[in-house]
Visitor: 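First, the structure itself, so that you have it in front of you.
Computed from heavy atoms alone, side chains included, the values below leave out hydrogens, waters and symmetry copies.
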Amino acid sequence: MAPGRIRILCSGDSFAFGEGVGDLDTWCHLLSVYDERIETVNIGQQGYGVDQSYLRFRRDASELEHTIHLFTFVDGDFARAGRRSYRGYAKPLLRLVEDESEVGNVTVPRVIPSVTRFAIIFL
């Protein structure tokens, strides 16, 4: 990170990712438009709950220098955190065990949704 710069790391679900808008129209990118000292890095991901967002932050941002971390979520992201799968795809399951985080359902089982299940999701 260059001296005098403020790096903001944006993480979370599709809201952070900017689903449905171009890269230059995400709220994360627009922060950099307001002040030339700001640079942003977006590690948001569609369909992630708070658990997967946290795991991605831990994995991908551990060596990324940043000044501010903005973690965004919606209430449904908490419900996703308790599930072993999302839209037919298996996902890691993060739990709190005696004040420590524990990752289960790993290695994530390879599950390919059936055509019927796929059609129901997108109707």
Side-chain angles (χ1 to χ4, degrees):
M1 187 166 60
R5 301 285 285 178
I6 301 167
R7 181 174 291 155
I8 300 176
L9 182 66
C10 307
S11 71
D13 62 5
S14 57
F15 181 68
F17 176 79
E19 183 174 1
V21 301
D23 292 342
L24 300 179
D25 293 320
T26 66
W27 64 263
C28 186
H29 171 74
L30 290 174
L31 292 173
S32 67
V33 173
Y34 296 121
D35 189 319
E36 63 188 28
R37 296 172 298 165
I38 295 175
E39 61 182 51
T40 57
V41 177
N42 190 339
I43 63 168
Q45 182 62 48
Q46 298 166 320
Y48 273 22
V50 293
D51 56 341
Q52 286 179 283
S53 295
Y54 169 71
L55 291 171
R56 181 160 193 211
F57 170 78
R58 219 170 67 178
R59 182 192 70 197
D60 296 343
S62 62
E63 297 182 22
L64 182 61
E65 184 180 351
H66 58 281
T67 312
I68 299 169
H69 174 210
L70 291 177
F71 175 58
T72 60
F73 53 87
V74 297
D75 60 347
D77 296 340
F78 288 96
R80 271 187 222 143
R83 297 186 186 130
R84 293 179 148 315
S85 65
Y86 178 67
R87 292 191 173 178
Y89 291 95
K91 61 178 256 336
L93 186 60
L94 183 66
R95 293 177 293 195
L96 188 62
V97 177
E98 297 181 17
D99 296 329
E100 296 289 327
S101 61
E102 178 181 280
V103 182
N105 208 33
V106 178
T107 302
V108 174
R110 182 172 169 80
V111 177
I112 300 173
S114 68
V115 174
T116 304
R117 195 174 338 157
F118 183 82
I120 291 171
I121 290 170
F122 294 100
L123 287 179

Visitor: In terms of hydrophobic clustering (I, L, V, M, F, W, Y; side-chain heavy atoms under 4.5 Å; direct or indirect links), are Y86 and L93 co-clustered?
Guide: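 In one cluster with Y86: L93, no.
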
Visitor: Find the distance between CZ (R56) and CG (D51) and round it off to the nearest 0.5 Å.
Guide: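 One gets 14.0 Å once the value is rounded to the nearest 0.5 Å.
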
Visitor: From the options I6, L9, I38, I8, select the one residue that forms a side-chain contact (heavy atoms from CB on, under 4.5 Å) with T67.
Guide: I6

Visitor: Side chains of Y48 and L55: closer than 4.5 Å at any heavy-atom pair?
Guide: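 They are not in contact (no side-chain heavy atoms under 4.5 Å apart), so the answer is no.
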
Visitor: Can you confirm whether I43 sits close enough to L64 that some side-chain heavy atom of one is under 4.5 Å from a side-chain heavy atom of the other?
Guide: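 The answer is no, as the side chains (C-beta and beyond) never meet within the 4.5 Å cut-off.
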
Visitor: Under the criterion side-chain contact (heavy atoms from CB on, under 4.5 Å), I'd like the reasoning laid out for V21 against W27: C-alpha separation, chi angles, the key distance, then a yes or no.
Guide: CA-CA 10 Å; V21 301; W27 64 263; over 6 Å; no

Visitor: Specify the closest pair of heavy atoms between T26 and G18, including all atoms of both residues, with the distance to one decimal.
Guide: CG2-CA, 3.8 Å

Visitor: Between F73 and F78, how do the two ring planes meet: parallel, tilted or perpendicular, split at 30° and 60°?
Guide: perpendicular

Visitor: Using the test salt bridge (charged side-chain N to carboxylate O under 4.0 Å, His left out), find all partners of R5 that sit at least two apart in sequence or belong to another chain.
Guide: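 Partners of R5 under the salt bridge (charged side-chain N to carboxylate O under 4.0 Å, His left out) test: E39.
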
Visitor: Kindly write out the residues that satisfy salt bridge (charged side-chain N to carboxylate O under 4.0 Å, His left out) with R58, not counting sequence neighbours, or none if the list is empty.
Guide: none

Visitor: Is the backbone N or O of A16 less than 3.5 Å from a side-chain atom of N42, with the two atoms forming a donor-acceptor pair by type?
Guide: yes

Visitor: Out of curiosity, does F57 fall in the hydrophobic cluster containing V74 (side-chain heavy atoms, cut-off under 4.5 Å, transitive links)?
Guide: no

Visitor: Specify the closest pair of heavy atoms between H69 and S11, including all atoms of both residues, with the distance to one decimal.
Guide: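 So the two residues come closest at NE2-OG, 2.6 Å.
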
Visitor: So which atom in K91 and which in A81 form the shortest heavy-atom distance, rounded to 0.1 Å?
Guide: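 Taking K91 first and A81 second, the nearest heavy atoms are NZ-O, 4.0 Å.
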
